[in-house]
Amino acid sequence: MVSKLPDTGTTIFTVMTELANRHGAINLSQGFPDIPTPPKLIELVSHYMQSGLNQYAPMPGVLQLREKIAEKVNELYHAKVDAQNEVTITAGGTQAIYTVITTLIQLGDEVILFAPAYDCYAPAIMVNGGKPIYVSLKAPDFAIDWEEVRGMVSTKTKLIIINTPHNPTGMVMAREDMLQLQALIDGKEIYVLSDEVYEHMVFDGQRHESVLRYPELAAQSFVVSSFGKTYHNTGWKIGYCIAPAKLMAEFRKVHQYLVFSVNHPMQRALADFMELREPYLQLSAFYQAKRDYFIDLLSPSRFRILKPKGTYFVLLEYSQLSEKSDTDFAIQLTQEIGVASIPISVFYPDNFDQKILRFCFAKQEDTLMKAAERLCKI
């Protein structure tokens with residue numbers, strides 16, 4: 001058999017988590033919280049299971065949940081979204097991303113990515129016969145050079161994938177970035193996939209510049225988000241996609257044969273739970289406090305701290321500590337210090353090594369304290 005992904009192995013997240021487990025290390029590598037899911041939400045899931053809603057949900061998702069999503073984006077981003085025809089519930093953000101790429105990309109199409117890029121993008125492009133075209137972002141601010149992006153656009157460009165707030169760097173795209181992107185695709189048959197799963201984790205008084213705030217841009221875009229990051233239940237794997245009705249109709253053609261529908265009682269529970277606005281409106285302050293707490297604990301260390309503007313990851317630059325590659329140093333920290341992280345070179349196509357590691361701070365304060373104590377001893 002000829003492999004469609006001959007150069008693809010096990011993801012770095014799996015590798016580092018297994019290494020952490022083997023050495024009993026504190027796992028700040030994989031981006032999952034150790035914060036409890038709200039008890040009320042779990043009660044609601046149980047209620048709907050007990051009520052007998054355990055068969056297939058509607059293919060696009062439970063309408064009540066889609067209506068709650070439409071209400072939220074109207075409230076936050078002043079975007080009017082048709083819940084019936086422009087919102088689809090998915091089996092997590094990754095499935096939504098894969099479905100968008102499969103919907104759009106045909107043999108020979110090019111897709112512009114910003115590296116370091118989350119690792120599910122490129123394989124989905126290649127499986128569908130497309131070609132990833134990378135724009136490399138550099139520390140410390142990982143800003144986008146839009147002139148460079150314009151130079152990457154060709155007659156084969158079909159899609160541009162953005163991620164804001166950005167994993168793994170914590171960069172947050174500004175209004176000017178959105179206007180540049182909007183101008184770039186104006187009048188062209190180029191679409192945008194906006195990965196906004198960290199939309200409720202934006203710090204220091206900034207606002208999340210969702211694509212949905214920009215009607216002309218949104219007209220050519222698919223916006224993906226996730227409940228897992230928002231409600232501390234990444235294992236539930238429930239997300240959603242928003243797009244104009246014409247694009248969503250094509251998205252659903254693929255979606256119905258990929259997963260057809262998503263966990264029914266959980267959708268019902270989420271629809272009810274979204275009546276409460278505080279859990280997502282308070283999330284930025286919640287994670288900013290964790291960021292600041294972890295950074296304060298790390299301040300005596302020899303690491304250079306790259307303060308994130310969003311997400312629940314912080315980057316630590318270690319050039320004063322070691323000449324090792326980031327991958328080797330991440331392994332060393334896991335084995336010898338007992339703290340697991342992610343080397344960000346793995347998110348670049350050429351493994352661009354800036355001696356930077358990513359640490360997840362979506363953890364209990366005791367966990368962060370123990371990790372910081374170990375890291376400060378180096």
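Below, each value reflects all heavy atoms present in this structure, side chains not excepted, and no hydrogens, waters or symmetry copies.
At a threshold of 4.5 Å between side-chain heavy atoms, the hydrophobic network of Ile, Leu, Val, Met, Phe, Trp and Tyr places I26 and I305 in one connected group. Placement of M152 and L181 within a single hydrophobic cluster is found when ILVMFWY residues are connected by side-chain heavy-atom separations under 4.5 Å, directly or transitively. Linking Ile, Leu, Val, Met, Phe, Trp and Tyr whenever their side-chain heavy atoms come within less than 4.5 Å puts L298 and F329 in one cluster. A continuous path of ILVMFWY side-chain contacts below 4.5 Å connects I190 to V135, so both sit in one hydrophobic cluster. L283 is not connected to V202 by any chain of hydrophobic side-chain contacts under 4.5 Å among Ile, Leu, Val, Met, Phe, Trp and Tyr, and they are in different clusters.
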**OP:** Evaluate the side chain to side chain contact (heavy atoms under 4.5 Å, CB included) criterion for residues K307 and F203: first the C-alpha distance (whole Å), next the side-chain angles of each, then the deciding distance (0.1 Å), finally the verdict.
**Re:** CA-CA 10 Å; K307 190 176 182 180; F203 310 139; over 6 Å; no
Exercise for review: Please test E43 against H47 for side chain to side chain contact (heavy atoms under 4.5 Å, CB included), starting from the C-alpha separation and ending with a verdict.
Suggested key: CA-CA 6 Å; E43 289 173 16; H47 164 73; over 6 Å; no
Next item on the list: Given side chain to side chain contact (heavy atoms under 4.5 Å, CB included), test I185 with V192 step by step and report yes or no.
Entry: CA-CA 9 Å; I185 67 171; V192 171; 3.9 Å; yes
>> Apply side chain to side chain contact (heavy atoms under 4.5 Å, CB included) to residues N27 and F32 and explain how you reach the verdict.
In response: CA-CA 10 Å; N27 189 0; F32 59 82; 4.2 Å; yes
Assess the residue pair Y134 and D350 against the criterion (side-chain hydrogen bond (donor to acceptor under 3.5 Å, both in side chains)); give the C-alpha distance rounded to whole Å, side-chain angles, the decisive distance to 0.1 Å, and a yes or no. CA-CA 10 Å; Y134 290 92; D350 57 355; over 6 Å; no
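Smallest separation of non-hydrogen atoms from I342 and S29: CG1-O, 3.5 Å. The two residues I344 and P116 make their nearest non-hydrogen contact at O-CB, 4.3 Å. In plain terms, the two heavy atoms of S341 and L357 that are nearest each other are OG-CD1, 3.4 Å. Nearest approach of D326 to S345, heavy atoms of both residues: OD1-OG, 2.7 Å. Contact record, A79 with L212: CB-O, 3.4 Å, taken as the closest heavy-atom pair. V314 and P308 make their closest contact through CG2-CD, 3.8 Å (heavy atoms, listed as atom of the first residue, atom of the second, distance).
Considering only heavy atoms from C-beta on, Y56 stays 4.5 Å or farther from H264 through its side chain. Between V81 and N74 the shortest side-chain heavy-atom distance does not fall below 4.5 Å. No side-chain heavy atom of Y231 sits less than 4.5 Å from a side-chain heavy atom of I238. Counting heavy atoms from C-beta outward, I161 and V100 have side chains that stay 4.5 Å or more apart. By the 4.5 Å heavy-atom criterion applied to side chains, P33 and T234 are counted as neighbours. Under the 4.5 Å side-chain criterion, counting only non-hydrogen atoms from C-beta, R268 is not in contact with L44.
The aromatic rings of Y287 and H232 lie perpendicular to each other, with more than 60° between the two planes, well past the 30° mark. Ring orientation note: the planes of F114 and W146 are nearly perpendicular, at an angle over 60° on the 30°/60° scale. Ring orientation note: the planes of Y348 and F352 are nearly perpendicular, at an angle over 60° on the 30°/60° scale. In this pair, Y118 and F13 present their aromatic rings tilted. The plane angle is within the 30 to 60° band. The aromatic rings of Y77 and H208 sit perpendicular, their planes meeting at an angle over 60°, well past the 30° parallel limit.
Of the possible donor and acceptor atoms, none in the side chain of D328 sits under 3.5 Å from a partner among the backbone N and O of S325. The backbone N or O of V62 lies less than 3.5 Å from a partner atom in the side chain of Q267, making a donor-acceptor pair. E209 contributes no side-chain N or O that, together with a main-chain N or O of A174, makes up a donor-acceptor pair within less than 3.5 Å. Listed for the H255 side chain is no donor-acceptor partner under 3.5 Å among the backbone atoms of M248. Under a 3.5 Å cut-off, the side chain of D34 and the backbone N or O of Q364 do form a donor-acceptor pair. Side chain of K355 to backbone of K324: a donor-acceptor contact under 3.5 angstrom is found. Of the possible donor and acceptor atoms, one in the side chain of Q220 sits under 3.5 Å from a partner among the backbone N and O of K188. Side-chain atoms of D296 do not come within 3.5 Å of backbone N or O of Y293 as any donor-acceptor pair. Proximity of a side-chain donor or acceptor of R374 to a complementary backbone N or O of G338 within less than 3.5 Å is detected. Looking only at distances, a side-chain donor or acceptor of Y312 sits under 3.5 Å from a matching main-chain atom of G31.
Side-chain atoms of H23 and E336 include no donor-acceptor pair closer than 3.5 Å. A donor and an acceptor atom, one from each side chain of T11 and D119, are nowhere located under 3.5 Å apart. Remark: the E18 side chain and the T14 side chain contain no N/O donor-acceptor pair separated by less than 3.5 Å. Between the side chains of D195 and Y121, at least one donor-acceptor pair of N or O atoms lies under 3.5 Å. When only modelled atom types and interatomic distance are considered, Q206 and K309 share no side-chain donor-acceptor pair under 3.5 Å.
Note that the OG1 atom of T157 and the CD atom of E110 stand 5.0 Å from one another [nearest 0.5 Å]. Rounding to the nearest 0.5 angstrom, the gap separating the CD1 atom in I144 from the OG1 atom in T164 is 8.0 Å. The OG atom of S154 sits 7.0 Å away from the CD1 atom of I133 when rounded to the nearest 0.5 Å. Atom CZ of F227 sits about 5.0 Å away from atom CE of M274, to the nearest 0.5 Å. Separation of atoms CD (Q332) and OG1 (T327) is listed at 13.0 Å; rounding is to 0.5 Å. The CZ atom of F222 sits 7.5 Å away from atom CG of L193, with the distance rounded to the nearest 0.5 Å.
No option in D109, I105, T103 other than I105 meets the side-chain contact (heavy atoms from CB on, under 4.5 Å) test with L159. Across T37, N263, V262, a single residue satisfies side-chain contact (heavy atoms from CB on, under 4.5 Å) together with W236, and that is T37.
Salt-bridge annotation for R150 and E148: absent, with no side-chain N of the basic residue lying under 4.0 Å from a carboxylate O of the acidic one. A salt bridge is defined here as a Lys NZ or Arg NE, NH1 or NH2 lying under 4.0 Å from an Asp or Glu carboxylate O, and D204 with R291 meets this definition. Between K229 and E199 there is no salt bridge, since no side-chain nitrogen of the basic residue lies less than 4.0 Å from a carboxylate oxygen of the acidic one. A salt bridge links K370 with D366: at least one charged nitrogen is closer than 4.0 Å to a carboxylate oxygen. Between E250 and K253 there is a salt bridge, with a side-chain nitrogen of the basic residue lying less than 4.0 Å from a carboxylate oxygen of the acidic one.
The 12-atom threshold is not exceeded at NZ of K156, counting heavy atoms of other residues, nucleotides or ligands nearer than 6.0 Å. Counting heavy atoms of neighbouring residues, nucleotides and ligands inside a 6.0 Å radius, atom CD of Q335 exceeds 12 of them. Heavy-atom neighbours of K131 NZ from other residues, nucleotides or ligands within 6.0 Å: at or below the threshold of 12.
L258 belongs to a hydrophobic cluster whose remaining members, ordered by chain and number, are L5, Y98, M126, V127, V259; membership requires side-chain heavy atoms of ILVMFWY residues under 4.5 Å apart, directly or through intermediates.
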